[in-house]
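Structure first, then comments.
Heavy-atom basis, side chains included; hydrogens, waters and symmetry copies ignored. Read the numbers this way: they start at 1 and go in the same order the structure lists the ligands and their atoms.
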Amino acid sequence: MADKVVFAQPKVELHVHLDGAFRVETIMDVAKRRGIVMPAKTVEDMRNLIVVHQPGTLTTFLEKFGLYMHVVAGDKAAIKRIAYEFVEDKAKEGAIYVEVRYSPHLLANCKVDPIPWNQEEGDVSPEEVVRLVNKGLSEGERDFKIKARSILCCMRHMPKWSMDVVKLCEKYRKDGVVGIDLAGDESLVCQANSEHRQAYEEAVRCGIHRTVHAGEVGPPCMVKEAVEVLKAERIGHGYRTLEDPELYKKLLDQKMHFEVCPISSKLTGACCSDFATHPVTTFMKDKANYSLNTDDPLIFNSTLNLEYSTAHELMGFNEEEFKRVNILSAKHCFLPEKEKEELVRSLCEAYGMIQQTAF
Ligand SMILES: O=c1[nH]cnc2c1ncn2[C@@H]1O[C@H](CO)[C@@H](O)[C@H]1O
């Protein structure tokens, strides 16, 4: 489908992985500088290797990160650069506010056990990664005139990193870090490990905002756990909530926010390929609280505009629903209250709407 612009208005994005949003050009460029041999010689051939072309599984999709993470991980200039370029790319797509998430540990090469991607030990700790990303994001904000904040990810299969993650959220909350997430393969690791639970308890105690990947490919009980045990304020994906009508009704009543990623959900096999019956069409019908997001635009070869044109052409979205969804996204972002109100106000103004509180 053409990447055409069906909603040429300011947008908010809440669920996008920084490490799923690198430019292929940058990966190739950094690989060349570092003398890393890549499995493809040209940008186009490399893109072709990275992109998921047909619906598969979450597990096979997650393996794609292994094709390129070692190029950027442990390299200070590259880490700062990908954060800066991310802001430029989102500004071009018409986002005025974005929350971007990543695992600091997966980009580090020291003070992380095990050191990921078979790297040699170096001098980039998870904390240094956070500082570099913050710097890249804030320089991007300055140059591209949008607001970018970050969410730090715990990883399902690495519970021993989670306490570190929440401490980094705490330490850098005044420096652009607005929340904590739990990402990774919920089809392999089900129940949240006690270390994840402790990290989330600490997040609650410190007032750190919380989102959790749940019910993407995992069963509805994962969503229940995310809300009831981990005290998630938003759910990453959450499609399979619909399989438990009682839970769905409860979350609708609670106005729980679902971070929906349409193209991702098709290509990870989380949802069936027929967009006309996608869970988000139920969310739309029920006036649920949700956002539209790209998730991993590099790997899914998508953009915000492609997500919106897919929603418009294959799922019956209209301009009014796009506006409603973006205002909901702003209302459920992790910014401090005052900045959040400001964001909602600027969207309402751009959309020519009188501000309502009813959404
Ligand atoms: O759709 C997804 N579901 C679960 N985990 C994901 C998804 N996309 C990316 N990641 C995981 O989150 C890490 C930090 O950004 C990525 O490295 C990837 O392992």
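Here H237 has side-chain heavy atoms under 4.0 Å from ligand 1, and that is the only part of it that gets that close. At a heavy-atom distance under 4.0 Å, only side-chain atoms of L62, from C-beta outward, approach ligand 1. For L18, no heavy-atom contact with ligand 1 is shorter than 4.0 Å.
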Between R131 and Y172, does the side-chain hydrogen bond (donor to acceptor under 3.5 Å, both in side chains) criterion hold? Intermediate values first, please. CA-CA 8 Å; R131 279 196 226 110; Y172 290 93; 3.2 Å; yes

Take H213 and L58, measure what side-chain contact (heavy atoms from CB on, under 4.5 Å) needs, and give me the verdict at the end. CA-CA 12 Å; H213 280 72; L58 183 64; over 6 Å; no

Salt bridge (Lys or Arg N to Asp or Glu O under 4.0 Å) assessment of R47 paired with E44: CA-CA 5 Å; R47 190 188 312 282; E44 273 331 301; 3.3 Å; yes

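Ring geometry for Y308 against F322 counts as tilted: the plane angle lies between 30° and 60°, on a 0 to 90° scale. Classified by interplanar angle (parallel below 30°, tilted 30° to 60°, perpendicular above 60°), the ring pair F283/F258 is parallel.
Annotation for ligand 1: atoms under 4.0 Å from non-hydrogen atoms of Y102 are 15 (O). The distance from ligand 1 to the heavy atoms of A183 drops below 4.0 Å at these ligand atoms: 5 (N), 12 (O). Heavy-atom contacts of S103 reach the following atoms of ligand 1: 14 (C) (cutoff under 4.0 Å). Counting the atoms of ligand 1 from 1 in the order shown, those under 4.0 Å from a heavy atom of L106 are 17 (O). Listed by number with element, the atoms of ligand 1 under 4.0 angstrom from any heavy atom of L58 are 3 (N). Atoms of ligand 1 found under 4.0 Å from any heavy atom of G184, numbered from 1 in the order shown, are 4 (C), 5 (N). Applying the 4.0 Å criterion to heavy atoms of H213 picks out, from ligand 1, the atoms 2 (C), 3 (N), 4 (C).
Of the candidates H17, H15, M155, E216, H17 brings a heavy atom nearest to atom 7 (C) of ligand 1.
Among all protein heavy atoms, the one lying closest to atom 8 (N) of ligand 1 is D296 OD2, 2.8 Å. The protein non-hydrogen atom at the shortest distance from atom 16 (C) of ligand 1 is D19 OD2, 3.1 Å.
Between T268 and ligand 1, no N or O atom pair is found at a separation short of 3.5 Å. No N or O atom of S264 sits closer than 3.5 Å to an N or O atom of ligand 1.
Side-chain contact between T241 and K250 is absent, with no heavy-atom pair separated by less than 4.5 Å.
Just one of T294, D296, N293, D295 meets the side chain to side chain donor-acceptor pair (under 3.5 Å) condition when paired with H15; it is D295. The side chain to side chain donor-acceptor pair (under 3.5 Å) test with N289 singles out one residue from H257, K331, Q254, and that residue is H257.
For the atom pair CZ (F144) and CD (E85), the distance works out to 8.5 Å, reported to the nearest 0.5 Å.
More than 12 heavy atoms of other residues, nucleotides or ligands lie within 6.0 Å of NZ in K340, so this atom counts as buried by the packing criterion.
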